2 protein chains.
Amino acid sequence: MERLLESIKITVNDKLYIKDPESSDLGKRIIEHSILMINDMGFENFTFRKLGAEIKSNESSVYRYFESKQKLLLYLTSWYWGWLEYRLVFATNGIPDPEPKLAKAIEIVTQTTVKDWVFAHINEELLNKIVINEFSKSYLTKEVDTKNKEGYFSIYKRLITRISEMIKAVDNHYGYPLSLASTILEGSLHQHFLKEHFSSLTDCHKDEQPTKYFTDLVFNRLNNQPNV
Amino acid sequence: MERLLESIKITVNDKLYIKDPESSDLGKRIIEHSILMINDMGFENFTFRKLGAEIKSNESSVYRYFESKQKLLLYLTSWYWGWLEYRLVFATNGIPDPEPKLAKAIEIVTQTTVKDWVFAHINEELLNKIVINEFSKSYLTKEVDTKNKEGYFSIYKRLITRISEMIKAVDNHYGYPLSLASTILEGSLHQHFLKEHFSSLTDCHKDEQPTKYFTDLVFNRLNNQPNV
DNA sequence: AATTATTAATAGTGTTACTATTATATTTGC
DNA sequence: GCAAATATAATAGTAACACTATTAATAATT
């Protein structure tokens, strides 16, 4: 995969940044260290001032790239979903049969990310943790509808649509392909969170178990047609 | 139900408040109006200062009842889960067969709340909306493990345990009763949120559809034993 | 060498969560 | 009915935060 991706750039909605962080060294340091710091201290305790100090730059310089903390988070999570979408399409494209195709898709989106380091300044493993802990906060706000209209969630939405299409390909009589797709994505983040902090509320205690749980759940439903 | 509940008090962890808001008129107004205001403006924009102004009292008086905004949110959501647990136990206790019992449980926890007004100062319908929009924020923080140790999520956890027990009663060979129970609860909040803000990501467009979706999903899995 | 773009430094604004202190009501015990 | 205890209100203040404005220094381009 490394070879292939060298020429690939994950593109996110360009309204999410003022200046493309990929376009400069400072920009890349902003991305790299915001991932490290948000993962360390959590989004609430993370500030542009602290980030500036960490990268030996200045708060105001960070504001040249991102107009707010919220937009930086949306940039990071969008990037993550874009990267996941890329891996999903790449891994499933060659599979002709709907069942193994969906199975592969579930595997990709529910497993925790292994260290890839395809993009030098982006630690995908930590970014995955950030998505588990912080993504919900990016839409659980009063501004969600405007943000949505501005297209800040479009990659995420496209990803869910893709999964729902694969579900329909397995069973086009099933009545809830979109709900099931969104349950797989969100539910998998949630199971990973429970695994870390509420282990008494989940049967998933190892990284690969959410994949097994959702694969089992989805295929049992879809092979069993007593629809609505 | 009204008659019965007149003498019932939903009790939450008493470390969540400094002074019991149920013990005074001011306390009840704090609860009543914090529900209205958080629902209106969202948790981020809600402040004790604004609340004080609204109830013609003072910011510092609110701090006599709750030591922080976060604890007030935890109080409200705990109360909600306690109330839901009560309704769950009440509605399922008399059902001997595991299947209809679980079906009733899923119905209770996945449906949006109808106006009950059993507790004069608590609008359960709005509280349900608050839980949908804000509950995740109460655990998606760096302090989650300490909060958990202090017992601030115990009612929520007990509720999930109860549901998982009902799942086991239907199929005690199923390998993921806890994960399934937590998926039903969290997933249902999520589907209700999507219904309001991302209708292209769900098949649930009416209030009762999450119930149907999860009932279908759960029973199809449990009647079908190809376990792990 | 001059122009331009980028980055850094400094200072400031309004708001927030929360605390401390004092003053004023209200309730309670006798 | 009145003093003591308690609850509430008012005021002021702190440190931190998100974000802005302005100017200074540096680097890249022409």
Side-chain angles (χ1 to χ4, degrees), chain A residues 15-34 37-38 40-76 121 134 137-138 141-143 146-147 152, chain B residues 14-34 37-38 40-76 121 134 137-138 140-143 146-147 152:
Chain A
K15 277 181 277 176
L16 284 176
Y17 50 78
I18 296 168
K19 179 178 175 175
D20 186 358
E22 295 286 333
S23 70
S24 75
D25 182 63
L26 179 63
K28 286 176 187 159
R29 267 156 55 221
I30 288 173
I31 298 303
E32 179 179 3
H33 286 88
S34 62
M37 292 177 78
I38 293 173
D40 267 5
M41 56 179 71
F43 185 65
E44 279 72 33
N45 301 118
F46 167 81
T47 71
F48 279 5
R49 187 173 293 245
K50 289 176 188 168
L51 175 61
E54 185 82 9
I55 62 179
K56 266 127 196 159
S57 173
N58 200 274
E59 185 185 15
S60 57
S61 301
V62 179
Y63 276 103
R64 295 261 156 168
Y65 287 82
F66 293 98
E67 77 178 58
S68 71
K69 214 176 124 172
Q70 273 288 332
K71 287 214 171 167
L72 171 57
L73 179 60
L74 278 170
Y75 176 92
L76 292 176
H121 58 297
E134 321 287 356
K137 298 173 192 169
S138 71
T141 71
K142 279 285 158 186
E143 300 79 35
T146 23
K147 282 180 181 169
Y152 298 163
Chain B
D14 60 12
K15 278 182 275 176
L16 284 176
Y17 49 78
I18 296 168
K19 179 179 177 176
D20 186 357
E22 295 287 332
S23 71
S24 75
D25 181 65
L26 179 64
K28 284 177 188 160
R29 268 155 55 220
I30 288 174
I31 298 303
E32 179 179 4
H33 286 88
S34 62
M37 291 176 79
I38 292 173
D40 267 4
M41 55 181 70
F43 186 65
E44 278 71 34
N45 301 118
F46 166 80
T47 71
F48 279 5
R49 187 173 294 245
K50 289 175 188 169
L51 175 61
E54 185 82 8
I55 63 179
K56 266 126 196 158
S57 172
N58 200 274
E59 186 186 14
S60 56
S61 301
V62 180
Y63 276 102
R64 295 263 156 166
Y65 287 82
F66 293 99
E67 78 178 58
S68 71
K69 212 176 126 172
Q70 273 287 333
K71 288 215 171 164
L72 171 57
L73 179 60
L74 279 169
Y75 177 91
L76 293 177
H121 59 295
E134 321 287 357
K137 297 173 192 168
S138 70
L140 292 177
T141 71
K142 279 284 158 186
E143 299 80 35
T146 22
K147 282 180 182 170
Y152 298 162

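Naming convention: chains lettered A, B, ... in sequence-line order (proteins, then strands); numbering from 1 in each chain. Computed from a predicted structure; not experimentally measured.
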Just verifying a value: how many Å separate A:E134 CD and A:L73 CG, rounded to the nearest 0.5 Å?
6.5 Å
Separation of B:K50 NZ from B:M37 CE (nearest 0.5 Å)
7.0 Å
For the pair A:E44 and B:K142, find out whether any cationic side-chain nitrogen is under 4.0 Å from an anionic carboxylate oxygen.
no
Does anything in residues 21-31 of chain B pair up under salt bridge (charged side-chain N to carboxylate O under 4.0 Å, His left out), and if so which pairs, sequence neighbours excluded?
B:D25-B:R29
Counting C-beta onward and ignoring hydrogens, is there a side-chain heavy-atom pair between A:F43 and B:L140 closer than 4.5 Å?
no
Could you walk me through whether B:D14 and B:D20 pass side chain to side chain contact (heavy atoms under 4.5 Å, CB included), step by step?
CA-CA 8 Å; B:D14 60 12; B:D20 186 357; over 6 Å; no
Taking only residues two or more places apart in sequence or in another chain, which ones pass side-chain contact (heavy atoms from CB on, under 4.5 Å) with B:K147?
B:Q70, B:L74, B:T141, B:E143, B:Y152, B:F153
Taking C-beta and beyond as the side chain, do A:V62 and A:L72 meet within less than 4.5 Å on heavy atoms?
no
Is there a residue in residues 20-31 of chain B whose heavy atoms reach under 4.0 Å of DNA chain D, and which residues are they?
B:S24, B:L26
side-chain hydrogen bond (donor to acceptor under 3.5 Å, both in side chains) filter on B:S138, not counting sequence neighbours, yields none
Does B:F66 have any ring-ring contact (aromatic ring centres under 6.0 Å, His included) partners at least two apart in sequence or in another chain, and if so, which?
B:Y75
Does any residue of residues 51-65 of chain B have a heavy atom under 4.0 Å from DNA chain C, and if so, which ones, in number order?
B:E59, B:S60, B:Y63
Under the ring-ring contact (aromatic ring centres under 6.0 Å, His included) rule, collect the residues that match up with B:F48, sequence neighbours excluded.
B:Y63
Residues of residues 66-73 of chain B with any non-hydrogen atom less than 4.0 angstrom from an atom of DNA chain C: list those, numerically ordered, please.
B:S68, B:K69
Extract, from 5' to 3' on DNA chain D, the first and final nucleotides lying under 4.0 angstrom from some heavy atom of chain A.
D:dC17 to D:dA21
Could you give all pairs that pass the salt bridge (charged side-chain N to carboxylate O under 4.0 Å, His left out) test and reach residues 58-69 of chain B, with sequence neighbours left out?
B:R49-B:E59, B:E67-B:K71
Using a cut-off of strictly less than 4.0 Å between a heavy atom of the residue and any atom of DNA chain D, enumerate the qualifying residues of residues 41-49 of chain B by number.
B:R49
side-chain hydrogen bond (donor to acceptor under 3.5 Å, both in side chains) partners for B:D40, two or more places apart
none
Is there side-chain contact between A:I30 and A:P21, with heavy atoms separated by less than 4.5 Å?
no
I need the minimum non-hydrogen distance between A:S61 and A:S57, along with the two atoms involved.
CB-OG, 3.5 Å
